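Some notes on the structure that comes next.
We count residues from 1, following the sequence as given. It should be emphasised that the depicted structure is a prediction, and the values quoted were computed from it without experimental measurement.
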Amino acid sequence: MNLSDTVYEKFKKLISSQSSWKGLEGSQFVQHVGLHLAWAIEDAILKVERAYQESYVDTALNRSSILAMGEGCDYVPRKPVPASGTVLVRNESELPVSIAKGRELLSDGQVAFAVTEAVTVGGGTTAEIPVVQRTSQVITHTVTETKPWYEILLDRDLSPLVEEITVAVDMNDGNGSRVWTKDRLFTNSYPESLVYDEFYHFTDQLGVRFGNGEFGTIPPEGSIVTLTLALTNGDVTLLSGQSLYPAQEIVTETGEIADVTFTVGTTIGGGSSQEDTEEMRRNVHYARVFNERLVWAEDYVYFLRRTCPDIVWGECWGEETAEEMWGYNVHHINHIWLCAHSPERTDDELKAACLEAVGNVPSLNKYIVWYTPELVRFSVKLTGEILQSVDKSDVEAAIRAFLAEAYGDASKTRRENVLIHEMYEGIYDTGYFEKGSGAWFSLEISGTTKPEYIYQMVCIDLEASSFSLSYAGVKDTARIPGGVVDREGL
């Protein structure tokens, strides 16, 4: 008996015990009242159970509930990362023109891109300049009262787009507007420290919080807070050859309007949007443990992956591991080595981004060293027979796709270990080598499948790999050569 039936039967029993309702017992009216009451109670209980589920991060469905749990443990979602690329600047004028850093260029869809390096383009020449998908906005706020933990919330439409915040405060003390420093959880601040922290409200709003007078300065009433926001849409792609247009006219040294065209050189891409709800649900589990404190090797790797989501592999080690590899050296003391790989950035670009991010985290008596990863590769030789009902090109493409996803140097879902049985299972899962179908294959692996040193990243070399496939007979008479592991043995 379900809940509504139970409630209905209890209601009829109660009615039968009331003398004033004796005459209505068994009437259609009482039946419908009982049915309505049963449905109302069942609906209320379901709503209570659903609301109860919202109090746990694993069962919550509403984004606001997960955000509230994240805010409760001081978790701030990962910010968006701007797409980047290069633009070819062609100056058709006779005089040179200067393109300043930060100048905005617009696409046909009115998406803004910012130049990241200043350049001078001579008359009749072409230059290539780096750009990122970014625009800026300045917000001014007047402090309404002097109180500890004063907070400023950004609009909901801006918060998911904020890549970076610069906070400047004029406390009307004669020193003018000064840039304050971000201090995560105020862990390295004193009463006179000009610091702030960021938080993310459950209303999907990014906020800035100031100190309480003991951990960080309290901005007095009337202070002018200037927030400079770097905004980006994150996951944006602009293909090579597409045109861009300057947001403002470009002039030559004599003040004349220059004839300058902008064309995408290297495809603009590689960006990522703000951390989504499901990613946040997983990360909130470990926010209390990590909390942006860089202590263990895993802390650094996690921090780098959050800072640069395009990283597909990373390692970190200290002086003990360094001495195991390179021997004792006093220069190893208090040194921490970082090593990572991204398919979307050069080693120098990734090094600059990672060292800048780690450098912004206060630390004592630590020296961060970047170590360029060494990519060591292995290749496979696949031999086998497939059914006559499938195309060889489709089978090979499916095998290559699996190997690239599992062991490629550009895969974000790559496997850390190269295991032969996992490789067999993955190829079987393509569906072209069903047991008993007559199709079979064997694998041989050549090269390095296990790193010798911690800075080595093992990945597959598909260009050096070979795939030799032939068609099996119509009947299931094909036999697997001796020594080959079949599916039953896995």
Query raised in the report: Near Lys101 NZ, under 6.0 Å, is it more than 12 heavy atoms from other residues, nucleotides or ligands?
Result: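 Counting neighbours around NZ of Lys101, 12 or fewer heavy atoms of other residues, nucleotides or ligands fall under 6.0 Å, so no.
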
**Report entry** Neighbour count above 12 (heavy atom, 6.0 Å) for Glu320 CD
**Finding:**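 Incorrect, the count does not exceed 12.
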
Query raised in the report: Considering residues at least two apart in sequence or located in another chain, which fulfil the side chain to side chain donor-acceptor pair (under 3.5 Å) criterion with His341?
Result: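 With sequence neighbours excluded, His341 shows a side chain to side chain donor-acceptor pair (under 3.5 Å) to no residue whatsoever.
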
Report task. With sequence neighbours excluded, tell me which residues meet side chain to side chain donor-acceptor pair (under 3.5 Å) with Asp391. Result ->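 Per chain and number, Asp391 pairs via side chain to side chain donor-acceptor pair (under 3.5 Å) with no residue.
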
Query raised in the report: Checking side chain to side chain donor-acceptor pair (under 3.5 Å) against Thr232, which of Lys79, Gln133, Glu163, Gln274 comes through?
Result: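 Only one of Lys79, Gln133, Glu163, Gln274 forms a side chain to side chain donor-acceptor pair (under 3.5 Å) with Thr232, namely Gln133.
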
Can a salt bridge be assigned to the pair [X] and [Y] using a cut-off of 4.0 Å between side-chain N and carboxylate O?
X      : Y      : answer
Arg282 : Glu278 : no
Lys392 : Glu396 : no
Asp197 : Lys182 : no
Arg377 : Asp409 : yes

Report task. Would you check if there is a donor-acceptor pair between the side chains of Thr203 and Gln205 at a distance under 3.5 Å? Result ->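 On atom types as modelled, these side chains qualify, holding a pair under 3.5 Å.
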
Query raised in the report: Would Tyr200 and Glu275 count as having a side-chain donor-acceptor pair, cut-off 3.5 Å?
Result: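 Judged by distance alone, the side chains do not pair up.
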
**Report entry** Parallel, tilted or perpendicular, as decided by the 30° and 60° cut-offs, for the rings of Trp317 and Trp337
**Finding:**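 Correct class here is parallel.
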
Requested in this report: Check the angle between the aromatic planes of Tyr424 and Tyr428 and answer parallel, tilted or perpendicular using the 30° and 60° thresholds.
Outcome: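 Taking Tyr428 first and then Tyr424, their aromatic rings sit tilted (interplane angle of 30° to 60°).
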
Does any part of the side chain of [Y], heavy atoms only, come nearer than 4.5 Å to the side chain of [X], both counted from C-beta?
X      : Y      : value
Phe199 : Leu153 : yes
Asp183 : Phe215 : no
Leu229 : Leu154 : yes

Query raised in the report: Atom CG in Leu443, atom OG in Ser465: separation rounded to 0.5 Å?
Result: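 Interatomic distance, Leu443 CG to Ser465 OG, rounded to 0.5 Å: 10.0 Å.
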
Requested in this report: Would you please indicate if the ring centroids of Tyr453 and Trp326 are separated by under 6.0 Å?
Outcome: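 That pair fails the under 6.0 Å test.
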
Listed pairs under 3.5 Å, donor-acceptor, residues 105-116 side chains, sequence neighbours left out:
residue	atom	partner	partner atom	Å
Ser107	OG	Gly109	N	3.3
Ser107	OG	Val111	N	3.2
Asp108	OD1	Tyr245	OH	3.4
Thr116	OG1	Pro130	O	3.2

